[in-house]
Amino acid sequence: MELSDTTIQVLKNFSTINPNLMFHPGKEVKTISEANNILAKASVPDEFPRDFGVYDLSEFLGVLNLVDNPTLSFSDNYTTISDGSGRSKVKYFYSEEGNLTTPSKDLAMPDPDVKFVLDFTTLAKLRKASSTLGHNGLSITSGDGSLVFTIVDPDNPTSNNYQILVDGEFDENMEFNFILNISDLKILDGDYKVGISSRNIAQFDNTTYDGLSYWIALNRLSTYGVKKDG
């Protein structure tokens with residue numbers, strides 16, 4: 001089999017979440033961070049024929065570049081990556097699943113309390129502000145009919161911050177401060193439909209790549225509750 005550019009792009013992104021990956025028969029690939037706070041799943045164009053584990057996904061992707069037009073053929077213990085002419089090839093051995101950090105099951109996302117679309121332009125601005133200010137926190141609160149996204153240091157309420165307004169859906173009778181760590185937003189470039197639950201989990205669904213989703217745990221300082229009078 002040959003891997004499409006789309007599949008390679010997804011695998012490169014997944015390698016930033018966890019260097020391990022366990023492939024299963026079919027077109028779905030999943031990964032989870034070693035801290036179990038980021039889960040990602042994608043439906044890719046290519047169909048994998050069997051179970052096989054990769055301990056270092058970045059290395060595996062680099063090996064593909066060692067041959068021209070790489071083609072993969074699968075044996076019991078390894079895959080052979082060869083060029084179209086058969087002049088060069090690489091024997092790449094599988095890793096045992098027990099040596100890998102892999103998702104044990106799919107996550108059942110609770111009903112979201114806040115929903116919005118995060119476009120790539122806004123995400124890029126937030127990442128730039130995070131880098132410039134040196135803050136890792138993205139605080140999401142309610143404003144006057146909009147959501148307020150603020151780059152903050154969650155542990156320092158007097159730190160310099162950057163704000164941008166985003167349209168969203170939320171209960172105006174509730175007050176909340178959902179905090180995501182910018183460093184956890186290891187999502188493929190693009191626009192996303194996002195739902196955040198008060199159970200401290202957010203789901204990101206790519207709007208152009210059907211079947212690409214991420215589930216990211218919120219910062220422990222996140223809060224949600226009924227607004228207090230006055």
Side-chain angles (χ1 to χ4, degrees), residues 3-24 27-46 48 52-66 70 72 79 81 92 94-95 97 99-107 109 118-138 140 149 151 154 179-196 200-220:
L3 297 184
S4 65
D5 290 342
T6 298
T7 297
I8 291 175
Q9 186 181 29
V10 168
L11 295 180
K12 284 181 178 179
N13 172 249
F14 280 17
S15 72
T16 68
I17 298 172
N18 189 334
N20 301 166
L21 193 70
M22 187 70 195
F23 292 86
H24 297 288
K27 295 184 175 184
E28 184 177 270
V29 288
K30 296 189 292 186
T31 190
I32 191 169
S33 64
E34 292 185 1
N36 291 329
N37 62 332
I38 307 170
L39 173 68
K41 179 171 68 173
S43 297
V44 296
D46 308 311
F48 294 96
F52 69 99
V54 172
Y55 188 78
D56 189 335
L57 188 55
S58 293
E59 179 189 70
F60 176 75
L61 294 170
V63 166
L64 296 179
N65 292 325
L66 295 177
L72 285 73
T79 179
I81 304 167
Y92 198 90
Y94 310 141
S95 293
E97 186 169 9
N99 296 327
L100 309 178
T101 302
T102 61
S104 58
K105 59 182 178 180
D106 287 339
L107 188 150
M109 179 68 186
L118 179 61
D119 62 76
F120 179 66
T121 300
T122 300
L123 177 59
K125 290 180 178 179
L126 293 168
R127 284 173 168 163
K128 183 177 180 179
S130 172
S131 176
T132 301
L133 295 173
H135 301 333
N136 190 39
L138 169 58
I140 301 174
F149 284 34
I151 295 297
I179 304 173
L180 285 158
N181 295 329
I182 288 288
S183 58
D184 290 339
L185 298 183
K186 298 178 180 181
I187 57 180
L188 201 63
D189 291 350
D191 300 343
Y192 287 84
K193 290 182 179 179
V194 183
I196 301 180
N200 280 9
I201 188 74
Q203 179 172 340
F204 292 73
D205 296 322
N206 193 290
T207 62
T208 55
Y209 188 154
D210 187 33
L212 175 61
S213 297
Y214 303 81
W215 294 264
I216 301 173
L218 303 188
N219 184 289
R220 58 182 175 78

Practice problem: Run the numbers on V194 and Y214 for side-chain contact (heavy atoms from CB on, under 4.5 Å), then give the verdict. | Solution: CA-CA 10 Å; V194 183; Y214 303 81; over 6 Å; no

- Examine the side chains of Y55 and N20 and answer whether a donor and an acceptor come within less than 3.5 Å of each other. no

Hits for side chain to side chain contact (heavy atoms under 4.5 Å, CB included) against D191, two or more places apart or cross-chain, chain-then-number order -> D119, F120, T207

Tightest non-hydrogen contact, residues A217 and D184, listed as O-OD2, 4.5 Å

For L100 and G53 the tightest heavy-atom approach is CD1-CA, 3.7 Å

Side chain of S131, backbone of K128: donor and acceptor closer than 3.5 Å?
no

- Task: Before giving the answer on side-chain contact (heavy atoms from CB on, under 4.5 Å), spell out for N181 and N37 the whole-Å C-alpha distance, their side-chain angles and the decisive distance to 0.1 Å.
- Result: CA-CA 11 Å; N181 295 329; N37 62 332; 5.7 Å; no

When rounded to the nearest 0.5 Å, the distance separating CD of E97 from OG1 of T102 is 4.5 Å

Sorted by chain and residue number, the side chain to side chain contact (heavy atoms under 4.5 Å, CB included) partners of L133 (sequence neighbours excluded) come out as H135, I151, N160, Y162

Output for pair (T101 OG1, I17 CD1), nearest 0.5 Å, gives 13.0 Å

All heavy atoms of V10 vs all of V29, minimum pair found to be CG1-CG2, 4.2 Å

The side chain to side chain contact (heavy atoms under 4.5 Å, CB included) partners of S15 (sequence neighbours excluded) come to L57, S58

Applying side-chain hydrogen bond (donor to acceptor under 3.5 Å, both in side chains) to K41 and not counting sequence neighbours gives none

What one should report as the nearest heavy-atom pair of S213 and Q203 is OG-NE2, 4.4 Å

Rounded to the nearest 0.5 Å, the CD1 atom of I196 sits from the CD1 atom of I140 at a distance of 3.5 Å

Is the shortest heavy-atom distance from the side chain of L126 to the side chain of L185 under 4.5 Å?
no

Taken to the nearest 0.5 Å, the spacing of D106 CG from L39 CG works out to 7.0 Å

Worksheet item: Is a side-chain N or O of T122 found less than 3.5 angstrom from the main chain of L118, in a donor-acceptor match?
Response: no

Residue K30 excluded, over 12 heavy atoms near NZ under 6.0 Å: yes

Parallel, tilted or perpendicular: ring planes of F48 versus F23, cut at 30 and 60 degrees: tilted

Sorted by chain and number, sequence neighbours left out, ring-ring contact (aromatic ring centres under 6.0 Å, His included) with F149 holds for F116

When every non-hydrogen atom of G137 is compared with those of I179, the smallest separation belongs to CA-CG2, 4.4 Å

Student check: side-chain heavy atoms of Y192 and L212 closer than 4.5 Å = yes

Taking every heavy atom of S183 against every heavy atom of N136, the minimum-distance pair comes out as N-OD1, 2.9 Å

>> Please check this pair: side chain of T79 against backbone of L72, looking for a donor-acceptor N/O pair closer than 3.5 Å.
In response: no

d(K105 NZ, L107 CG) to nearest 0.5 Å is 9.0 Å

Checklist line | Any side-chain heavy-atom pair of L123 and F204 under 4.5 Å | finding: no

Residues passing the side chain to side chain contact (heavy atoms under 4.5 Å, CB included) test with T6, sequence neighbours excluded, are S4, P45, Y209

**Prompt:** With a 4.5 Å heavy-atom cut-off, do E34 and P19 have their side chains touching?
**Reply:** yes

One should read off an interatomic distance between I182 CD1 and L138 CG, to the nearest 0.5 angstrom, of 4.5 Å

